[in-house]
Student: 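Here it is, the structure, as structure tokens.
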Amino acid sequence: MIKEDRRVKQITPKSEDFSKWYVEIIRKTEMADYAPVKGMMVIRPYGYSIWEHIQSGLDRRIKETGHSNAYFPLFIPESSLQKEAEHVEGFTPEVAWVTQGGTEELEERLAVRPTSEAIIGSMYSKWIKSYRDLPLLINQWANIVRWEKVTRPFIRTTEFLWQEGHTVHETAEEAQEETMKILALYKEFAETELAIPVLSGIKSDREKFAGAEATYAIEGLMGDGKALQMGTSHNLGQHFSKVFQIRFEDREQTLQYAWQTSWGMSTRLVGAVVMSHGDDSGLRLPPRIAPIQVVIVPISIGDWKETILPTAGKLAAGLKKSGVRVYLDQREEYTPGWKFADWEMRGVPLRLEIGPRDVKSGQAVAVRRDTGAKESLSLDSLPQAVPELLQSIQDNLFNQALDFRRANTRSVCDYEEFKKVIETKRGFLLVPWCGDRACEDKIKEETMATIRVIPLTEEKTEGVCIRCEKKAGQQAYFARSY
RNA sequence: CGGGGCGUAGCGCAGCCCGGUUAGCGCGCUGCGUUCGGGACGCAGAGGUCGUGGGUUCAAAUCCCACCGCCCCGACCA
């Protein structure tokens with residue numbers, strides 16, 4: 001029998017060095033590679049395919065809720081970017097500038113978009129005249145540049161891909177409704193497609209988007225106990241409409257500033273999938289976003305090309321017909337054992353092995369990536385059984401991640417205990433908080449933990465602030481984060 | 001941007017202290033053959049601006065300076 005450790009010799013164990021484990025997975029599975037410019041990466045076909053599946057699931061939901069895609073320019077005139085004071089202040093440290101076109105110095109510098117509120121605001125002011133033009137519901141898929149000091153593949157790169165929704169509404173209520181609708185959409189997406197349970201709620205002022213009235217977010221818990229912001233939905237109020245003069249004549253024939261929202265999710269989600277589900281053997285991909293959902297490995301013995309391959313080929317065709325993304329690995333230069341390990345590392349949810357014994361008995365051995373469980377299934381049953389198995393794997397990955405998050409979410413009232421848990425176990429800590437920025441800052445200074453979200457409950461909280469012992473009106477989830 | 005570590009073949013590393021033939025090893029890669037139900041084996045091969053640029057020296061992977069990149073730990077952020 002094969003010992004466990006033989007399978008994993010290529011990857012640093014997760015428990016030994018999480019960061020190293022993460023980077024090794026990204027590179028060894030050929031998801032991405034470092035580019036010549038600091039902080040920039042190439043997304044290779046395997047990684048890009050995961051992103052494409054994320055895109056399609058998200059794009060479908062965005063369209064189903066009435067939004068249309070459009071595309072705005074990469075460059076933003078400096079004067080536009082500087083209109084919203086808080087926005088400029090927030091983004092200035094990480095904006096890349098174009099100062100020259102060809103050999104000519106530009107009269108006005110151009111910002112490479114760090115986000116598109118400014119450029120979109122300047123266009124919306126031209127398009128919106130009447131309440132009849134509202135709501136305006138636009139999304140764009142784009143690349144973004146933020147000059148970050150510390151980068152990590154997928155999680156934080158200088159350039160990244162994302163979608164950003166930018167909507168305009170007649171009333172504050174409608175804008176708020178939109179903000180919450182998208183927050184719910186993001187949560188549902190993360191949980192059903194990525195199999196990552198997320199907390200959702202509102203950000204503290206300290207953590208909110210530069211220029212927003214309020215920021216809502218979904219937060220996932222990664223395998224090392226650190227939180228990751230996975231999507232944000234902002235209620236922009238009238239901040240941008242006032243500076244970009246986005247005005248409309250309302251139903252009472254008075255001129256009003258419009259109410260806006262913006263929201264985004266990015267290629268960071270690919271990193272979230274790796275860090276939520278991966279294990280010591282490599283990736284474990286949720287079937288819904290896996291580039292390959294099922295790999296068929298024929299056991300290459302003797303005259304296998306005549307005796308086994310036809311059956312394997314028929315099986316592959318049958319699965320493809322039932323909508324499964326299947327790959328028949330008929331490479332001759334690798335042994336079956338090598339292929340098993342390789343596909344496990346790449347996170348393929350389900351493997352089907354077919355050897356001489358299986359052909360004889362009309363079966364195949366199915367091996368789940370999530371549990372490692374093996375079972376023999378009849379070939380006839382597979383076109384039905386495989387989609388069910390994939391769903392079961394999807395559900396199990398979600399449940400495992402949920403168990404992990406539950407085990408690592410703690411209610412704490414004592415600050416000493418808080419510090420101890422953050423230091424030793426990490427995870428989410430739900431604690432009473434007075435609502436003061438000063439306490440939040442001190443907690444960050446002293447423990448490196450920040451408020452991830454403040455849950456959206458109507459319930460009143462009893463007790464006193466964990467840090468200052470004033471009366472706490474609310475509870476907040478704290479964690480160390482990426 | 002601060003503190004620490006690292007950069008030698010595609011990947012992982014040795015060599016560097018104490019400068020001195022053609023710069024090594026494992027894996028991977030190429031060819032041929034035997035194999036193949038959990039990372040096969042034999043034989044033959046290919047592959048290197050020793051991160052980049054300067055300097056010291058008769059001589060630099062090795063010593064000195066600068067720069068670049070990556071990783072970790074902090075300050076800032078999808």
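First the proteins, then the strands, lettered A, B, ... as listed; each starts at 1.
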Student: Between the side chain of A/Asp436 and the main-chain N/O of A/Cys439, is any donor-acceptor distance below 3.5 Å?
Tutor: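 Between the backbone of A/Cys439 and the side chain of A/Asp436 there is no qualifying donor-acceptor contact (under 3.5 Å).
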
Student: Can you tell me the base-pairing partner of B/G47? Count Watson-Crick or G-U wobble geometry only, both distances below 3.5 Å, and say none if there is no partner.
Tutor: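 B/G47 is unpaired by these criteria.
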
Student: Grab the CD1-P distance between A/Ile155 and B/A78 for me, whole Å please.
Tutor: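 Spelled out: CD1 on A/Ile155 to P on B/A78 is 13 Å.
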
Student: Suppose we define a pair by two distances each less than 3.5 Å, Watson-Crick or G-U wobble; what does B/A14 pair with here?
Tutor: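 Checking every strand shown, B/A14 finds no partner, since no pair has both distances under 3.5 Å.
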
Student: What residues in residues 264-272 of chain A put a non-hydrogen atom under 4.0 Å from any atom of RNA chain B?
Tutor: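 Per residue number, the list reads A/Ser266, A/Arg268.
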
Student: Could you work out which one of B/C77, B/A75, B/C29 sits closest to the side chain of A/Tyr334?
Tutor: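 The answer is B/C29.
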
Student: Find the distance A/Trp141:CH2 to B/A78:C1' and express it as a whole number of Å.
Tutor: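 Nearest whole value for this atom pair: 13 Å.
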
Student: Within less than 4.0 Å of OP1 or OP2 of B/C72, is there a side-chain N or O belonging to A/Ser19?
Tutor: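 Answer yes for this pair, as a side-chain N or O of A/Ser19 is under 4.0 Å from OP1 or OP2.
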
Student: Find the partner of B/G37: check Watson-Crick (N1-N3 plus N6-O4 or O6-N4) and G-U wobble (N1-O2, O6-N3) distances, both under 3.5 Å, and reply none if neither fits.
Tutor: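 Paired with B/G37, as far as the under-3.5 Å criterion goes, is no nucleotide at all.
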
Student: Can you measure A/Arg152 atom CZ to B/C77 atom C1' for me and round it to whole angstrom units?
Tutor: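 Computing the A/Arg152:CZ to B/C77:C1' distance gives 14 Å.
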
Student: Taking CE from A/Met448 and C1' from B/C76, how many angstroms apart are they, rounded to a whole number?
Tutor: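 Distance check: A/Met448 CE to B/C76 C1' gives 13 Å.
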
Student: Let's see if you can work this out: which of B/G39, B/C1, B/A78 has an atom nearest to the side-chain heavy atoms of A/Trp338?
Tutor: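 Comparing B/G39, B/C1, B/A78 against the side chain of A/Trp338, the answer is B/G39.
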
Student: Would you indicate which nucleotide in B/C36, B/A78, B/G37 comes nearest to any side-chain atom of A/Trp304?
Tutor: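 Of all the options, the side chain of A/Trp304 is nearest to B/C36.
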
Student: How far, in whole Å, is B/C11 from B/C32 if one measures between their C1' atoms?
Tutor: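 Per the computed distance, 26 Å lies between those C1' atoms.
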
Student: Find out whether A/Met265 and A/Phe189 are in side-chain contact, i.e. whether some heavy atom of one side chain is under 4.5 Å from a heavy atom of the other.
Tutor: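 Result yes, sub-4.5 Å side-chain heavy-atom pair found.
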
Student: What nucleotide among B/C77, B/C72, B/C11 has an atom nearest to a side-chain atom of A/Arg27?
Tutor: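 Of all the options, the side chain of A/Arg27 is nearest to B/C11.
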
Student: Mind checking A/Ser300 for me? I need base, sugar-phosphate or nothing, with any heavy atom below 4.0 Å counting as a touch.
Tutor: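 Base, at least one base atom sits under 4.0 Å.
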
Student: Given the C1' atoms of B/A14 and B/G7, what is the spacing between them in whole Å?
Tutor: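 To the nearest whole Å, 15 Å.
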
Student: For A/Arg284, is there an ion pair with A/Asp370 - N to carboxylate O distance below 4.0 angstrom?
Tutor: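 Looking at A/Arg284 together with A/Asp370, the answer is no, because their closest N to O distance does not fall below 4.0 Å.
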
Student: Over all strands shown, is A/Lys38 touching base, sugar-phosphate only, or nothing at heavy-atom distances under 4.0 angstrom?
Tutor: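 Result for A/Lys38 = sugar-phosphate.
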
Student: Does OP1 or OP2 of B/G39 have a side-chain N or O of A/Thr335 closer than 4.0 Å?
Tutor: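 Answer no for this pair, as no side-chain N or O of A/Thr335 is under 4.0 Å from OP1 or OP2.
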
Student: Looking only at atom C1', what distance separates B/U62 and B/G55, rounded to whole Å?
Tutor: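 Each nucleotide's C1' atom is 15 Å from the other's.
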
Student: A/Tyr34 has a side chain; which of B/C76, B/G37, B/C70 sits nearest to it?
Tutor: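 So the side chain of A/Tyr34 is nearest to B/C70.
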
Student: Under 4.0 Å between a side-chain nitrogen and a carboxylate oxygen: does that hold for A/Glu64 and A/Arg60?
Tutor: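 Yes.
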
Student: If each of A/Val37 and A/Trp162 is mapped to the nucleotide of RNA chain B with the nearest heavy atom, which maps nearer the 5' terminus, i.e. the 5' end?
Tutor: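 Final value for this comparison: A/Val37.
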
Student: State which of B/C72, B/C77, B/C11 makes the closest approach to the side chain of A/Arg146.
Tutor: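 Out of B/C72, B/C77, B/C11, the nucleotide with an atom closest to A/Arg146's side chain is B/C77.
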
Student: Please report the distance separating the C1' of B/U34 from the corresponding atom of B/C68, rounded so that it comes out in whole Å.
Tutor: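 Taking atom C1' in both B/U34 and B/C68, they lie 49 Å apart.
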
Student: Out of B/A78, B/C76, B/A75, which nucleotide sits closest to the side chain of A/Val150?
Tutor: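 Of the options given, the side chain of A/Val150 lies nearest B/A75.
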
Student: Of the candidate nucleotides B/A40, B/C72, B/A78, which contains the atom at the shortest distance from the side chain of A/Thr157?
Tutor: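 Per side-chain heavy atoms of A/Thr157, the pick is B/A78.
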
Student: Within this structure, what is the NZ-to-C1' distance between A/Lys208 and B/A78, rounded to whole angstrom?
Tutor: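 One finds 17 Å between C1' of B/A78 and NZ of A/Lys208, rounded.
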
Student: With a non-hydrogen cut-off below 4.0 angstrom, is A/Lys444 in contact with a base, only sugar-phosphate, or nothing?
Tutor: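 Contact class for A/Lys444: sugar-phosphate only.
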
Student: Where the side chain of A/Glu148 is defined as all heavy atoms beyond and including C-beta, which of B/C71, B/C77, B/C36 is the nearest nucleotide?
Tutor: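 My answer, after comparing the listed nucleotides, is B/C77.
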
Student: When you compare B/C41 with B/C18, how far apart are their C1' atoms, in angstrom units rounded to a whole number?
Tutor: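 About 43 Å, rounded to a whole number of Å.
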
Student: A side-chain contact here means heavy atoms from C-beta on lying under 4.5 Å apart; do A/Glu213 and A/Leu236 qualify?
Tutor: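 Of all side-chain heavy-atom pairs linking A/Leu236 with A/Glu213, none is under 4.5 Å.
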
Student: Base, sugar-phosphate, or nothing for A/Pro336, non-hydrogen atoms under 4.0 angstrom?
Tutor: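 Base, at least one base atom sits under 4.0 Å.
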
Student: Answer with base, sugar-phosphate or nothing: what part of the nucleic acid does A/Val297 contact at a heavy-atom distance below 4.0 Å?
Tutor: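 No contact at all - A/Val297 keeps every heavy atom at 4.0 Å or more from the nucleic acid.
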
Student: Can you confirm whether or not the ring centre of A/Trp263 sits under 6.0 Å from the ring centre of A/His67?
Tutor: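 Under 6.0 Å, so yes.
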
Student: How would you label the contact of A/Asp17 with the nucleic acid (heavy atoms, under 4.0 Å): base, sugar-phosphate, or nothing?
Tutor: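 Nothing: the residue A/Asp17, judged by heavy atoms under 4.0 Å, touches no strand.
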
Student: For A/Phe240 together with A/His87, are the ring centres under 6.0 Å from each other?
Tutor: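 Under 6.0 Å, so yes.
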
Student: Using whole Å, report how far CD of A/Glu353 lies from P of B/G37.
Tutor: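 Distance, rounded to whole Å: 10 Å.
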
Student: How long is the line joining OH of A/Tyr482 and C1' of B/C72, in whole Å?
Tutor: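 The answer, rounded to whole Å, is 12 Å.
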
Student: State whether A/Glu94 and A/Lys149 are salt-bridged, where the test is any N-O pair (Lys NZ or Arg NE/NH1/NH2 against Asp/Glu carboxylate O) under 4.0 Å.
Tutor: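 Judged by the 4.0 Å cut-off on N to carboxylate O distance, A/Glu94 and A/Lys149 do not form a salt bridge.
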
Student: Flag the pair A/Arg268 / A/Met230 as yes when at least one side-chain heavy-atom distance between them is below 4.5 Å, and no otherwise.
Tutor: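 No, every pair of side-chain atoms sits at 4.5 Å or beyond.
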
Student: If the P atom of B/A9 is compared with that of B/C13, how far apart are they to the nearest Å?
Tutor: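 11 Å, rounded to whole Å.
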
Student: For the CD atom of A/Glu52 and the CD1 atom of A/Ile43, what is their distance to the nearest 0.5 Å?
Tutor: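 Those atoms lie 10.0 Å apart.
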
Student: State the pairing partner of B/G53; accept Watson-Crick or G-U wobble contacts with both distances under 3.5 Å, and report none otherwise.
Tutor: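 Because both required distances fall under 3.5 Å, B/G53 counts as paired with B/C65.
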
Student: Determine the interatomic distance between P on B/G69 and the same-named atom on B/C76; round to the nearest Å.
Tutor: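 Nearest-Å result for B/G69 against B/C76 at atom P: 22 Å.
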
Student: Between A/Arg206 and A/Val359, which has a closest nucleotide on RNA chain B that is more 5'?
Tutor: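 On the 5' side of the pair lies A/Val359.
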
Student: In whole angstrom, what separates A/Glu207's CD from B/C76's P?
Tutor: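 It works out to 10 Å between those atoms.
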
Student: Is a side-chain N or O of A/Ser122 found less than 3.5 angstrom from the main chain of A/Ile119, in a donor-acceptor match?
Tutor: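 Yes; at least one donor-acceptor contact below 3.5 Å.
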
Student: Looking at B/C77, does its base get a donor-acceptor pair with the side chain of A/Arg156 below 3.5 Å?
Tutor: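 Yes.
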
Student: Say you pick atom C1' in B/G26 and the same atom in B/G15; how far apart are they, in whole Å?
Tutor: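 B/G26 and B/G15 have their C1' atoms separated by 15 Å.
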
Student: So what's B/A60 paired with, Watson-Crick or G-U wobble, going by both distances under 3.5 Å?
Tutor: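 Across any shown strand, B/A60 pairs with none.
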
